[in-house]
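For reference, the structure discussed in these notes is given below.
Hydrogens, waters and symmetry mates are skipped; everything else that's a heavy atom, side chains included, is used. Note that the numbering runs from 1 along the sequence shown for the chain.
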Amino acid sequence: MPNTKEQVEIICPKCKHTEIIYLQKEDIPKCPNCDTRMVMREFLREGKSY
């Protein structure tokens, strides 16, 4: 497995607080607002457009 860091958007399922973290660098944290374990929402890739 390559040693790359993937950007991931995470979201709190309870209060909908979102953050962007680096997956292999950081553990998925608890929400700073309500202390619920956050979940992955989306892998962020370069070149994405809306």
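- H17 and M38 get closest at one heavy-atom pair: O-CE, 3.2 Å.
- Using a 4.5 Å heavy-atom threshold, the side chains of P13 and T36 count as touching.
- For T18, the side chain to side chain contact (heavy atoms under 4.5 Å, CB included) test picks out E9, I11, R41, with sequence neighbours left out.
- For E19 against P32, the heavy-atom pair with the smallest separation is OE2-CD, 3.6 Å.
- A heavy-atom distance below 4.5 Å is not found between the side chains of K14 and C31.
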